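Here is the structure we will look at, set down as structure tokens.
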Number of protein chains: 2
Amino acid sequence: MNAAAAGDVAAWNRLEWSALDAGARARALTRPVQAVAQDTRRAVASVLDAVREHGDEALRALTARFDRVELQRFEVDAAEFAAAEAAVAPELRQAMVEAMQRIEAFHRAGMSQGYVVDTAPGVRCERMIRPVPRVGLYVPAGSAPLPSTALMLCVPARLAGCREVVVCTPPRADGSADPAVLVAARLAGVGRVFKLGGAQAVAALAYGTASVPKVDKIFGPGNSYVDEAKRQVVQGGAAAIDMPAGPSEVLVIADQGANPAFVAADLLSQAEHGPDSQVLLLSDSAALIDQVEQELAVQLAALPRVEIARKALSASRLIRVESLEEAFAISNDYAPEHLILALREPRAWLERVEAAGSVFLGDWTPEALGDYCSGTNHVLPTNGAARAWSGVSVGSFQNAVSVQAASREGLLAIGACAVTLARAEQLDAHANAVVLRMQEASA
Amino acid sequence: MNAAAAGDVAAWNRLEWSALDAGARARALTRPVQAVAQDTRRAVASVLDAVREHGDEALRALTARFDRVELQRFEVDAAEFAAAEAAVAPELRQAMVEAMQRIEAFHRAGMSQGYVVDTAPGVRCERMIRPVPRVGLYVPAGSAPLPSTALMLCVPARLAGCREVVVCTPPRADGSADPAVLVAARLAGVGRVFKLGGAQAVAALAYGTASVPKVDKIFGPGNSYVDEAKRQVVQGGAAAIDMPAGPSEVLVIADQGANPAFVAADLLSQAEHGPDSQVLLLSDSAALIDQVEQELAVQLAALPRVEIARKALSASRLIRVESLEEAFAISNDYAPEHLILALREPRAWLERVEAAGSVFLGDWTPEALGDYCSGTNHVLPTNGAARAWSGVSVGSFQNAVSVQAASREGLLAIGACAVTLARAEQLDAHANAVVLRMQEASA
């Protein structure tokens, strides 16, 4: 271990949970997310206004400004799709096909069915499932384009049966779209891709322009501008969104028997996402934490994205807890996006998980499997949103519509109940609509 | 029909769809909802700030100002619950019990189950259902308190198994809560009720105070201040919400065989909700529309809330369409909260419904049945939100958590796919976390 690596050890913020008071515990679990700055909020609002008012013209100007490329036309055409097919290596294409098949298998199995219940004689109630008519999928290209995100969004949109599915993804410097993203979209059955990124992409999807169709719901992760734009369009009622999005994060609960090299690799694989990412390790074993620290130093030195990972690790926490029960209490309070249970009996502990985006059981299930190809979705709630939001599923692309049908008999069976409640709420016309029919039905 | 009533006929905005150009069609379907005024937005923001910073003290001041009552303590105590039980008429209590049983039957039958799929040999993926830990339910008391809304929110919260369920409802002039709302909450198994209304109730639930617990998700309808407060807390990340809320609305599709008295009663029962409510009738029969107009005049005159209903009807539309197919196209575009199919073969038309909150089939199913006691939920998306939001269900109170477990065999089966994709996305630590394990697993 060299001096630089040894220097990191202190930065890994090793903590003894039992030695912390309530304030220190709260600070230990505070995410490194910055509150959205007032100027980010204003900048996004002005992008939204520009696109709403000036449409494609604004998109061209904003794309020139933020993506530094002049585009006359945003939609990917047949020639560019064909070029993308030729540009993607067969091995990558095959991996996308394989991943897509498992994503489809898992998502299809979880699709909601409608149901029917007779709640009284002659009163049939049911729920019908309907696709969200028009959806927009944002595929970011932070430090690198993310074809896997295209699969994670396009596959459930197609399974849901959405009438119109469009993808937006930032243009590259030469004005083209990432070939792997295009191939992923086409593999998953989505044919309309627009080269638009950032808040302007969200604006185009929310309001529509001459070239970009307006959609009902916008999906996908993105940077703080994309997230703020999604929040603003939902606030203004222009479109719904899948969930708020923040930096990625992982919480690992490991016992003494865990493999320290695996745990260190998992912490680093989260940390490389960016300097805002947070990684937490909770263990009841001080010895395991020692070993993980050593492994972190060794593996970190070998990583290409060492600076990003080092920065993220500076906001990380290696926490020794008194018991695994305590670890689960902390995890449930934190509600991590990714939760890795590096435990000897992970399934026995699973019932304790109250809030998390996605859970990885045991030593042989690195987070990367879920990120890419186990079949689960990787668009997950971050920043504690897992307490009240779920990851993307086919249901995210569907609405449930309730239906009721009463026969004369049904109306007579339950009408009096409705009349009593309507009158108690001083809604006489409600009562009247029932009474009129009851008179006719019993005539 | 007297002169005043005859004067209303013109105000009902009878339209021939085929005679309208695109602009006139869009105007015909424009809801009477006002955009949230800048001062409403500011007023709500300052209420949220006050409660976040000054907690119960702010709640006392705001309650004195907006509800004109001085409250030292907001939570309903045992004595007030007992007084409520004594104050509610047995007939009303019985109606609430009966409604609750059907609401429970319908909602229980629609509860999601987890599921498990093996996506590859040794790769098990599953979805677990978990209750949202802490939820806050807002029961409004616009022109009258709404115990039915207490049932619609409390029953699914209890079925979901939420750990903490609290209700907020505005205090009455004497500082008490509406007895029927208290009895409804208790019948449905919810014991904590706070006498708080408006934006300050939403703020208390989103941030928590010394006396009100912070919750993860806030449910329930309300006026424009409540709705704006819900939007602002979700924008700021303090809590999730069930859905945006706007004025209630109904769209009726009626054929020539429909009963004009029933249709008129249905339009009026929506109109009495408030002057912002919108009612639309679409029919392919001019004769039916004539008859409904006549019935509207007659029934309107007899209503206690005649002024409210008259005002709402002034924003209503009676539209003759060329065909029922055209009516469904218009309805799907409008995405009504309530959709009544006053048709001879309503079930045959049901598959055409793409977007709506709740559908009522045939002549014997007035909307009031769904509002109170058919078993479906009456907390529904308004203002076109039905294109991308669903009504409240048990699922609204639950999260789906995905889980994956790979064995050594499973890791070796799918690990290479993850590595290829990770490398294509330049996420080397992701690849490394898989490679390390693959080496160990095959060692």
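Since the structure is predicted, the reported quantities are computational estimates derived from the model, not experimental observations. In what follows, chains carry the letters A, B, and so on, assigned in the order in which the sequence lines appear, proteins first and then strands, with residues in each chain numbered from 1.
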So which part of [X] gets closer than 4.5 Å to some heavy atom of chain A, the side chain, the backbone, both or neither?
X      : result
B/A386 : backbone
B/V123 : side chain
B/P244 : neither
B/N259 : side chain
B/S396 : neither
B/P147 : both
B/D371 : side chain
B/M128 : side chain
B/E440 : both
B/A180 : neither
B/S374 : both

Nearest non-hydrogen partners of [X] and [Y], listed with the distance:
X      : Y      : result
B/C417 : A/C373 : SG-CB, 3.7 Å
B/L350 : A/R130 : O-NH2, 3.3 Å
A/R231 : B/G236 : NH1-C, 4.1 Å
A/G415 : B/L369 : CA-CD2, 4.3 Å
A/A418 : B/Y372 : O-CD1, 3.7 Å

Under the criterion salt bridge (charged side-chain N to carboxylate O under 4.0 Å, His left out), I'd like the reasoning laid out for B/R423 against A/E91: C-alpha separation, chi angles, the key distance, then a yes or no. CA-CA 12 Å; B/R423 289 192 174 138; A/E91 187 200 1; over 6 Å; no
[atom1] of [X] to [atom2] of [Y]: how many Å apart, nearest 0.5 Å?
X      : Y      : atom1 : atom2 : answer
B/L339 : A/S402 : CG    : OG    : 11.0 Å
B/E409 : A/W364 : CD    : CH2   : 13.0 Å
A/L146 : B/L427 : CG    : CG    : 7.0 Å
A/R102 : B/C125 : CZ    : SG    : 9.0 Å

Checking A/R408 now: which residues fulfil salt bridge (charged side-chain N to carboxylate O under 4.0 Å, His left out) with it, not counting sequence neighbours?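 Checked A/R408 against salt bridge (charged side-chain N to carboxylate O under 4.0 Å, His left out); zero matches.
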If you define the side chain from C-beta out and look only at heavy atoms, does anything of B/L436 sit under 4.5 Å from A/Q299?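 SC-SC contact between B/L436 and A/Q299 confirmed.
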Within a 6.0 Å radius of atom CZ on B/R124, are there more than 12 heavy atoms belonging to other residues, nucleotides or ligands?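 Not buried by this count: 12 neighbours or fewer within 6.0 Å.
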Option that, when pairs with chain B are counted at under 4.5 Å, heavy atom only, ranks first among [options]:
options                       : result
A/A368, A/A99, A/G375, A/A109 : A/A109
A/E367, A/M96, A/Q94, A/R163  : A/R163
A/A264, A/S358, A/A144        : A/S358

Listed partners of A/S390 passing side-chain contact (heavy atoms from CB on, under 4.5 Å), at least two apart: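 With neighbours one apart ignored, the set is B/N399, B/A400.
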Any residue of residues 111-119 of chain A which, by heavy atoms, sits under 4.5 Å from chain B: A/Y115, A/V117, A/T119
Is chain B contacted by the side chain of A/V135, its backbone, both, or neither, given a heavy-atom distance below 4.5 Å?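 No part of it gets close to chain B.
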Could you look at A/Q232 and say if it's the side chain, the backbone, both or neither that has a heavy atom under 4.5 Å from chain B? both
So, A/Q404 and B/T365: side-chain donor and acceptor under 3.5 Å apart, yes or no?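 No.
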Apply side-chain contact (heavy atoms from CB on, under 4.5 Å) to A/L268 and B/N432, showing your working. CA-CA 9 Å; A/L268 287 170; B/N432 192 46; over 6 Å; no
Who passes ring-ring contact (aromatic ring centres under 6.0 Å, His included) against B/H430, sequence neighbours left out?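 B/H430 satisfies ring-ring contact (aromatic ring centres under 6.0 Å, His included) with A/H273 once adjacent residues are dropped.
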Without swapping roles, check the side chain of B/E425 against the backbone of A/S148 for a donor-acceptor pair under 3.5 Å. yes
